[in-house]
Amino acid sequence: MKRKIKYLFGLENEYEGSVAFSSKFFENFVPKILDNLLTIPEVSKNTCFFGLDFKTLSFDILFVDDVKIREINREYRDKDKATDVITFALFADDDFKPVLDGDINLGEILISIDTASKQSKDGDNAFFDEILTLICHGILHLFGFDHQTEEDYNFIVGIQNRVLQAVCGE
């Protein structure tokens with residue numbers, strides 16, 4: 001029997017622009033993204049938490065502007081430019097792999113609303129599709145996946161497209 005994993009994610013919006021975020025939107029789609037990711041064997045068997053005993057996966061999503069994400073990119077990655085998504089994969093990058101009270105804290109996903117808006121096609125739906133794409137991409141990083149090679153990048157993009165197709169039905 002498949003065990004039920006509880007997902008806890010915090011949403012923080014530091015973006016001061018005119019985008020209206022509905023927590024219901026994220027409460028609906030983020031668990032679906034996680035469920036779909038974890039049903040894919042090449043994902044589930046290669047996560048940073050594979051084989052560990054846990055009940056809850058938790059992480060935070062923070063929405064920022066290009067100025068803030070550029071600062072973070074410069075400080076932590078030595079890249080002086082804005083980007084779409086940055087993750088701080090606490091669990092994947094910790095050799096100790098602490099599971100506290102059945103909870104795995106995966107880390108944090110930062111998304112630039114400015115860059116996501118530039119990358120999206122016209123219309124609100126395309127913008128929110130882009131946000132979901134960046135969330136899925138960030139979750140894969142929190143799971144321990146990286147894309148230092150073109151093959152790894154193609155794997156991640158293929159998985160995120162497959163998951164978003166299932167979640168959004170496009």
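We number each residue from 1, following the sequence as shown. These values consider heavy atoms only, across backbone and side chains, with no hydrogens, waters or symmetry-generated copies.
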Under a 4.5 Å side-chain heavy-atom rule over Ile, Leu, Val, Met, Phe, Trp and Tyr, are [X] and [Y] clustered together?
| X | Y | answer |
| --- | --- | --- |
| V167 | I61 | yes |
| F143 | V163 | yes |
| L134 | L132 | yes |
| I69 | L11 | no |
| I111 | I72 | no |

Open item on the list: Could you go through D129 and L164, starting from their C-alpha distance and side-chain angles, then the distance that decides it, and tell me whether this counts as side chain to side chain contact (heavy atoms under 4.5 Å, CB included)?
Closed with: CA-CA 8 Å; D129 289 346; L164 292 170; over 6 Å; no

[X] side chain near [Y] side chain, heavy-atom distance below 4.5 Å:
| X | Y | result |
| --- | --- | --- |
| D114 | Y15 | yes |
| V30 | I135 | yes |
| L37 | I159 | yes |
| F9 | I109 | no |
| F59 | L90 | no |
| H137 | Q160 | yes |
| T83 | T115 | no |
| T56 | I5 | no |

Open item on the list: Quick one, L57 with L106, criterion side chain to side chain contact (heavy atoms under 4.5 Å, CB included). Give me CA distance, side-chain angles, the key distance, then yes/no.
Closed with: CA-CA 7 Å; L57 291 176; L106 294 172; 4.3 Å; yes

- [ ] With sequence neighbours excluded, tell me which residues meet side chain to side chain donor-acceptor pair (under 3.5 Å) with E108.
- [x] none

Task: By side chain to side chain donor-acceptor pair (under 3.5 Å) - contacts of T149 (at least two apart) - done: D152

Residues that [X] engages under side chain to side chain contact (heavy atoms under 4.5 Å, CB included), provided they are two or more places apart:
| X | result |
| --- | --- |
| A92 | C48, A89 |
| F50 | K45, T47 |
| Y153 | H147, V157 |

Once salt bridge (charged side-chain N to carboxylate O under 4.0 Å, His left out) is applied, what residue pairs with a partner in [range] remain, sequence neighbours excluded?
| range | result |
| --- | --- |
| residues 76-86 | R70-D80, R74-D80 |
| residues 90-105 | none |
| residues 56-68 | D66-K118 |

TODO: Verify whether the ring centers belonging to F63 and F26 lie closer than 6.0 Å.
DONE: yes

Open item on the list: Quick check: F145 with F155 (ring centres under 6.0 Å apart)?
Closed with: yes

- [ ] Can you tell me which residue pairs pass the ring pair (Phe, Tyr, Trp, His ring centres under 6.0 Å) test with a partner in residues 78-108, sequence neighbours excluded?
- [x] Y76-F88

Task: Heavy-atom pair with the smallest gap, counting every atom of F29 and C168 - done: CE2-SG, 4.3 Å

Task: Residue list, salt bridge (Lys or Arg N to Asp or Glu O under 4.0 Å) with E42, at least two apart or on another chain - done: R162

Open item on the list: Please enumerate all residues that pass salt bridge (Lys or Arg N to Asp or Glu O under 4.0 Å) together with E27, with sequence neighbours excluded.
Closed with: K24

Open item on the list: Just verifying a value: how many Å separate E75 CD and N73 CG, rounded to the nearest 0.5 Å?
Closed with: 11.0 Å

TODO: Kindly compute the distance separating OG (S58) from CG (L142), expressed to the nearest 0.5 Å.
DONE: 10.0 Å

TODO: For the residue pair F128 and F25, categorise the inter-ring angle as parallel (less than 30°), tilted (30 to 60°) or perpendicular (more than 60°).
DONE: tilted

Task: Steps toward side chain to side chain contact (heavy atoms under 4.5 Å, CB included) verdict (I113, V64) - done: CA-CA 6 Å; I113 296 301; V64 298; over 6 Å; no

- [ ] Could you identify which residues cluster with L8, counting Ile, Leu, Val, Met, Phe, Trp and Tyr as linked when any side-chain heavy atoms lie under 4.5 Å apart, either directly or through a chain of such contacts?
- [x] none

Open item on the list: Between L110 and T87, is the side chain to side chain contact (heavy atoms under 4.5 Å, CB included) condition met? List the steps.
Closed with: CA-CA 6 Å; L110 287 81; T87 58; over 6 Å; no

